[in-house]
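Only one structure is covered here, and it is reproduced in the block below.
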Amino acid sequence: MTTTPLHRTPLPITAVGYEQRASRSAMTCRNRCGDACFKPEPNRTDHGHVRDEIAKVVQRRALLKGAAATAGVGALVLGGGSLRPAAAAPLPAAPDAAALSKDMSKAAFRPVPPNTRDALVVAQGFTQDVVIRWGDAVLPGAPRFDPQAMSAEAARQQFGYNCDYVGVLPHPTKRAKSLLVVNHEYTSDDIMFPASYDDEAKKEISMYNHGMSVVEIKRGRVEGSWLRVQPRFASHNRRIHLDTEFEVTGPAAGTDRLKTSADASGRTVLGTLNNCAGGTTPWGTVLSGEENFNQYFGTEGTPNPEYAASYARYGLAASTSRGWYTVQDRFDLAKEPNEPFRFGWIVEVDPSDPQSTPRKHTMLGRFKHEGANIIVSKDGHAVAYMGDDERGDYLYKFVSKKKVATGTGANARRRNLSLLTEGTLYVARLEGNGYDATTNADCDGTGTWIPLASDTESFVEGMELADVLIDTRLAADRATTADGGGPTRMDRPEDVEPNLVTGRVYAALTNNSRRGTQFPVDEANPVGSSTTKDSGEPTVTPGNNNGYVLEMIATRGDHALDTFRWKLFLVCGDPEAQETYFGGFDKSQVSPISCPDNVAFDSVGNLWVSTDGNALGSNDGIFRVPTQGPERGHVQQFLSVPRGAEACGPLITADDKSLFVAVQHPGELDDASFENPGSTWPHTDDYPRPSVAVAYRRA
Ligand code: FEO
Ligand code: CA
Ligand code: CA
Ligand code: CA
C-alpha cells in the first residue's frame, strides 16, 4: 500500500510512501513504538463494533453536501516554495480588536499554509522563542552539552530527548516563577549520536535521556514570552530518569506479579519510560502516561510461557529494537519476567516538592497509556479520562472513591494525593444510531462505561483484581455490558481531555491503517479509506489515514455516571475529500488537518490540537478549533513544526497569552543521521535538538 500525497513536495529524505504509516518516517516508527504499526494488532477480539446494521445512509443529502463542500476551493497561493492549494480561502477582514488581540483564544489570524519548511512557523503577528533544548542544563553543575562527549551521568542532569507533554504550574513559593514539567518520551538513537559511539554506549546514554524534567521558568520582557531560570537559581528543577525511585500505589501494589529480584516488596520501581502525554490535576500534580514500554524489553532466553497471553496482548516479545537487556538484566524478559508489569502505568509527580517520590497508580490500569486528564464530577469525585494508543484499543475512565478536597491546606493536599489510589476503572462501549456514510455527518450515538474493577473487587469474571489492573487489556476484552456488548475497538486513542469550559470531553483518534480491512467500519470509526488529490486526480488509500476527534458528553453533565453521548466532532483529512467533516463548519474555510494527537483548551473552551504524522504530505502543526457557537469546527492552523518533527504539548497558559509547544524528533527522517541531518532546527547547531518553544503575540 502506498500513499499519494495531496501536496507533492518531496522531502529531502524519503518520508512518505512506506507500507503501514502513510507519513511518519520508518525511523520514527522504530524508535517511538517499536514498529507497532507493522505488527499484528494485539487486540484479537472481534467484539465491540458499533452496530452499523442500523446505519441509514442518507444518500441524497450526502450528494448535496458534497457539492457544497467543493464549491469555492482550489485557489493557489505561494508557500513553502511550491504551488499548492490554499489552506483556506481568504478570511473576511478581521475586526481590529481580534486582529490585534494578544489572547490566543480571541486573536484573528490567517492560517499557516501547509508547508515542509525546516522552521517553526507561527501565524503572522505572532513570534516564538525556544525555552529549553535537548541537553540544556536542568540541574546546577550539569556539564555543558557536547554531542561528542555525551554520557549517562550528563544526561541525568540535562534536559532529556524528545520532549512531549508540557505542563506549566504555579511555583509553590515564588510568584514571579512557574514550573515547566515536560515528558521525554523516547530517543531517536539514529540521529542523536555521532558515528563515534558504539551500540552499548548509545543504549546507556539513551536510557537516561528518557523520563521527565521540571524546570523553573519566568516571564520575559514581552507579554506572553517566557525564559528558563538558570539552574543555580532554580530550587525546584528536577530530572526524573531511569534511576528515580517510584512508589507503586493501589490494589496491585505489593502483589506477586509486581515483585522482582531487586524489589521483593513489589512496591518500588526504578524509572518511568516512554512518557507520552499527560495532564495537570486540580490539586497541582502532573500525570504522565507510560506508553510504548514494551519496546524496551527483550531476551535471548525463553520468556515464561505462563505470561504468553499477557506479553502478546502488550506487544512484549523476545526481540525488540532497543535491546536494553544487554545493558540491564531487568529488561531481559527471561531473567526478570515481572519487570514489564511495572511499566505501562499512569505516573503522578508533585513538582511543588522536588524531594517527593513520584508514584505509579495501578488503580488506573495498565496499558499503552497516552495520558490522563481529570475533571471533577458534579458531586466532587475526580474523574480521569484515558486512551490506550494502539490500533483497535479502547477508551478508559477512572472515578475516584473519595471526593476532591477543596482548599490549599496540608490536609486537603494529603487527601488529594491519595485520590487516584481507590475508585473504579471503566472501559468504553460506543453505539451508533445511524449516519450519513458518504459524508460522515451525523456520526453520533450513545456510550456506556463498563466497569472493570474497583479498589476492592474485580468485575471481570475469572480474573483476580490485581490481574485486571495488570492485564487491563485482557480484562477489557472480556468485559461486557448487561446486554452482552463489549468495548469498542477504536482507531488509536491518544489524548482524551475534558474541556473545562463546557464539560465535554475530546478524544484524539489519530489513525488506523487497517480500518476498513481488518477492522470493519462502523459509526464511531466510519472511515475505511481516505481520498487525496494529486494533479487533480483523486487517489483513494485504504485505512483511516487522517484520524478523528471524538466529542463525549456525560449524561446530565455528570462524569461519575456510566453513560454518555458521543459525536465525531472532526473527521480529519483534506477538506476537499468527501469523507471529511469539521463539526458542520463550511469545509472551504478550514485548514487541512491530519492525525490529531494531543489536545488542549484555552480559557474560552477552544480546542487546540497538535498532529503527529500528517498524511497529507506537509509538516505537522497545531490548530485552533472553536467548539461552540457559529465558529464550531472552524479549524485553523496556528503553527507548523520543522521537518521530520511532530507537534506535542500543546499548552495555552491560563491568561491565553502564550502557547507552549514541544517540538519532538525534528529531523527524524529515513536515512538521516547525526552527520546527515534531516533538520537543523532550532538552528543553534548543525544538528537538530528537540526543544520546547513558546509562541506569543509579537510586540
Ligand atoms: Fe506517544 Fe500515542 O503517541
Ligand atoms: Ca448518528
Ligand atoms: Ca505524540
Ligand atoms: Ca492534552
Side-chain angles (χ1 to χ4, degrees), residues 21 24 28-29 31-34 36-37 50-52 54-58 162-168 183-186 210 273-280 286-293 295 367-374 384-391 393 430-437 439-447 490-500 505-511 522-524 526 547 549 551 565-568 581 595-602 607-613 620 622 646-652 660-662 664-665:
R21 180 69 205 243
R24 183 192 268 183
T28 298
C29 288
N31 292 332
R32 154 76 61 68
C33 337
C37 291
V50 175
R51 290 180 200 153
D52 51 357
I54 56 171
K56 55 175 191 258
V57 179
V58 190
N162 276 346
C163 37
D164 199 314
Y165 176 74
V166 172
V168 175
N183 286 345
H184 302 295
E185 186 184 20
Y186 73 102
H210 285 68
L273 283 171
N274 213 265
N275 300 72
C276 191
T280 297
V286 168
L287 306 179
S288 169
E290 295 184 326
E291 197 186 30
N292 294 293
F293 65 92
Q295 64 179 301
F367 40 93
K368 292 187 180 177
H369 273 289
E370 173 74 16
N373 284 280
I374 303 269
Y385 284 92
M386 302 176 284
D388 182 358
D389 183 4
E390 184 98 50
R391 274 195 311 266
D393 262 294
L430 279 68
E431 301 210 47
N433 58 11
Y435 71 112
D436 179 334
T439 63
N440 296 319
D442 301 323
C443 287
D444 61 359
T446 54
M490 306 299 286
D491 288 354
R492 296 191 49 212
E494 301 261 20
D495 227 349
V496 189
E497 185 161 336
N499 180 341
L500 298 181
V505 178
Y506 292 81
L509 300 157
T510 200
N511 58 46
D522 57 39
E523 190 166 342
V549 175
E551 182 177 63
R565 288 185 294 122
W566 62 268
K567 177 170 180 58
L568 285 186
Y581 174 80
C595 302
D597 187 346
N598 300 127
V599 302
F601 301 93
D602 59 30
L607 171 70
W608 292 75
V609 191
S610 66
T611 66
D612 169 18
D620 280 315
I622 294 182
E646 81 178 80
C648 300
L651 177 122
I652 316 290
F660 284 84
V661 51
Q664 197 189 76
H665 60 78

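One-based numbering, in listed order, for ligands and for the atoms of each. Values reported hereafter were calculated over all heavy atoms of this structure, with side chains retained and with hydrogens, waters and symmetry mates removed.
Taking the Ca ion (ligand 4) as reference, the nearest N/O/S atom within E497 carries the name OE1. Nearest N/O/S atom of E523 with respect to the Ca ion (ligand 2) is recorded as OE2. The N, O or S atom of D495 with the smallest distance to the Ca ion (ligand 4) is OD2. The N, O or S atom of D442 lying closest to the Ca ion (ligand 2) is O. Closest to the Ca ion (ligand 2) among the N, O or S atoms of D444 is OD1.
Taking backbone and side-chain atoms together, G434 has an N/O/S atom less than 3.0 Å away from the Ca ion (ligand 2). When distances to the Ca ion (ligand 2) are checked against a cut-off of 3.0 Å, N433 contributes an N, O or S atom below that limit. Among the backbone and side-chain atoms of A600, no N/O/S atom is found under 3.0 Å from the Ca ion (ligand 4).
Here atom 2 (Fe) of ligand 1 has protein N, O or S atoms under 2.8 Å from it, and they come to 4.
For T446 (side chain) and R565 (main-chain N/O), no donor-acceptor pair under 3.5 Å exists by modelled atom type. Between the side chain of W566 and the main chain of C443, no donor-acceptor pair closer than 3.5 Å is present. The backbone N or O of G289 lies less than 3.5 Å from no partner atom in the side chain of E370, so there is not a single donor-acceptor pair. The main-chain N or O of A277 is found under 3.5 Å from a side-chain atom of N183 such that the two form a donor-acceptor pair. Side-chain atoms of N274 come within 3.5 Å of backbone atoms of N292 as a donor-acceptor pair (strictly under, hydrogens ignored). In terms of modelled atom types and a separation under 3.5 Å, the side chain of E494 and the main chain of N598 share no donor-acceptor contact.
Note on R492 versus D389: salt bridge recorded, some NZ/NE/NH1/NH2 to OD/OE distance being below 4.0 Å.
Taking each heavy atom of Q295 and G34 in turn, the nearest pair found is OE1-N, 3.8 Å. Of all heavy-atom pairs between F293 and F367, the closest is CE2-O, 4.0 Å.
Between the side chains of N162 and E185, no donor-acceptor pair of N or O atoms lies under 3.5 Å.
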